[in-house]
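Okay, structure first, notes after.
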Amino acid sequence: MTTRPAGADDAVGGVRPSLVALPETVEEVAAVLRACAEQDLAVVPAGGGTKLHWGPAPERCDVLLDMCCMNEVLEHAAGDLVVRAQAGVTMAALSETLAGKGQELALDVPFAEDATVGGTLAAPMPGPRAFRYGTARDLLIGITVVLPDGTVAKSGGKVVKNVAGYDLGKLFTGSYGTLGVIAEATFRLHPLPAGRRWAVAELDPAEVPPIAAALAASQAEPSAVEVDRPDPAGPVGLAALVEGTAAEARAEALRELIGKGTVTGEPPSWWGLIQGDEVLVEVRFPASGTRAVLDAAARGGLALRGSPVSGRMLLESWRAMEEDELAAAVSGLRERVEAAGGRVSVLATPYEGVDRWGHVSGLPLMRRVKERFDPGRRMSPGRFVGGI
């Protein structure tokens, strides 16, 4: 294992660590965390760094644990459609390895060239095909983690040690590094589809809810239905993906259901992308709330992209917004979306005065889990909901 003094580029939310550690094995990760526990040093794990500016700044950060050297695909059981990889493997490298055997991990990850397996789990972002295949949490079947005291724990396939009563995979997915360090992960795979086609159209916002509902129920079985509205006052781009056999005919059936548009073998240029995440707001909602979300985003002056059928949208600001303006936009958005049964989380913002989470009913339970796993508050302290 190597270490080096931290530089300005290693800061997390403006908090600069003293040291960067680059472990190469699970045992070295455990050694780092044991040493930090003995000296009461705060640790922030990092993968490709694509989401380190998401979430609040840590209360303190003494050691940045850079997982870049743990970058091996450890096992690919192609016959069982299973892969096990270290946390520092980039999603692009993993995709390339699996494609060589005609398989894929069906996650559409933004920033795939740099995003890592560990980061994809710690700060997950459902992509377009989550509608059909599920999220990272759904495709994860085994995990190896290192707890804040240096204990190595595993759950799922090939269990060596479990922490009694806890599903580590579900707990650590979406934990933003606040419970421990994800070291390895095992995923369920899918065969690469024989073909892919997109039905693409431009719609008036009022057309989106009924058309999205019809697409979700279609016998053509789309893998994803996504919308894009870069101009809050403009039309909505819609694209529906079909995969597998007879993709052309099935996509044409979707185009007819939409009533306009074209069928293409390539996705639209915006498909699955996050284009600007200095300000990034995530909205989760029941499909019945699609109209309310479209209206609320437009009122807030925010660009919108995501899935009306999965009930997930990302909102970006394509212009500079002052803190008061952004706070008011988020407050108005939250009021309208919550009235429709949804939730609003601010993933990224340059302003500490913006309410990132709103009311979180499960916060007491989340605090108890944090206390159970990290009573010393050494793992990414303050990076998650309620200052966890």
Side-chain angles (χ1 to χ4, degrees), residues 78 80-83 91 95 98-99 101-110 112 124-141 187-203 205 207-229 236-273 283-291 293-294 304-314 342:
D80 296 327
L81 289 169
V82 169
V83 68
M91 298 303 288
S95 178
L98 299 176
K101 294 297 178 80
Q103 297 178 353
E104 66 171 344
L105 175 57
L107 297 174
D108 307 304
V109 178
M125 181 50 57
R129 291 185 298 161
F131 176 60
R132 177 176 180 181
Y133 298 104
T135 65
R137 177 178 294 189
D138 300 313
L139 296 175
L140 180 71
I141 58 176
F187 295 99
R188 175 166 54 93
L189 305 176
H190 289 84
L192 283 171
R196 287 190 175 111
R197 294 292 186 275
W198 284 261
V200 181
E202 187 174 276
L203 304 177
E207 297 177 287
V208 172
I211 288 177
L215 291 171
S218 170
Q219 293 185 354
E221 297 183 332
S223 295
V225 178
E226 295 280 299
V227 296
D228 176 57
R229 194 182 191 187
V236 178
L238 179 142
L241 167 67
V242 291
E243 299 178 294
T245 57
E248 183 78 26
R250 290 161 55 212
E252 181 59 34
L254 293 183
R255 190 204 65 76
E256 291 178 2
L257 193 156
I258 296 167
K260 60 179 108 173
T262 59
V263 171
T264 174
E266 297 293 332
S269 60
W270 49 264
W271 182 265
L273 297 181
V283 181
R284 302 289 184 101
F285 56 96
S288 59
T290 297
R291 187 184 303 276
V293 172
L294 287 168
L304 174 147
R305 176 173 300 144
S307 174
V309 294
S310 296
R312 166 198 48 80
M313 297 282 186
L314 289 177

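Values below: all heavy atoms of this structure, side chains included; hydrogens, waters and symmetry mates excluded.
- Not counting sequence neighbours, the partners of Glu104 by the side-chain hydrogen bond (donor to acceptor under 3.5 Å, both in side chains) test are Arg129, Arg196.
- Going from atom OG1 of Thr135 over to atom CG of Leu107 covers 8.0 Å, rounded to the nearest 0.5 Å.
- Judged by distance alone, with hydrogens and angles left aside, the side-chain atoms of Arg250 form no donor-acceptor pair with the main-chain N or O of Pro222 at under 3.5 Å.
- Using modelled atom types, one side-chain atom of Gln103 and one backbone atom of Ala78 make a donor-acceptor pair closer than 3.5 Å.
- With Ser218 contributing its side chain and Ala220 its backbone, the two residues share a donor-acceptor pair below 3.5 Å.
- One distance of note links CE of Met125 with CG of Asp108; it measures 12.5 Å at 0.5 Å rounding.
- To the nearest 0.5 Å, the span separating CD on Glu252 from OG1 on Thr262 amounts to 9.5 Å.
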Does Thr290 form a side chain to side chain contact (heavy atoms under 4.5 Å, CB included) with Val227? I'd like the steps, not just the answer.
CA-CA 11 Å; Thr290 297; Val227 296; over 6 Å; no
Take Ile211 and Val225, measure what side chain to side chain contact (heavy atoms under 4.5 Å, CB included) needs, and give me the verdict at the end.
CA-CA 10 Å; Ile211 288 177; Val225 178; over 6 Å; no
Decide yes or no on side chain to side chain contact (heavy atoms under 4.5 Å, CB included) for Phe131 and Glu226, but give the supporting numbers first.
CA-CA 10 Å; Phe131 176 60; Glu226 295 280 299; over 6 Å; no
Check the pair Val236 / Leu304 against side chain to side chain contact (heavy atoms under 4.5 Å, CB included), numbers first and verdict last.
CA-CA 9 Å; Val236 178; Leu304 174 147; 5.8 Å; no
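- Atom-to-atom distance recorded for Met313:CE and Arg305:CZ is 11.5 Å, nearest 0.5 angstrom.
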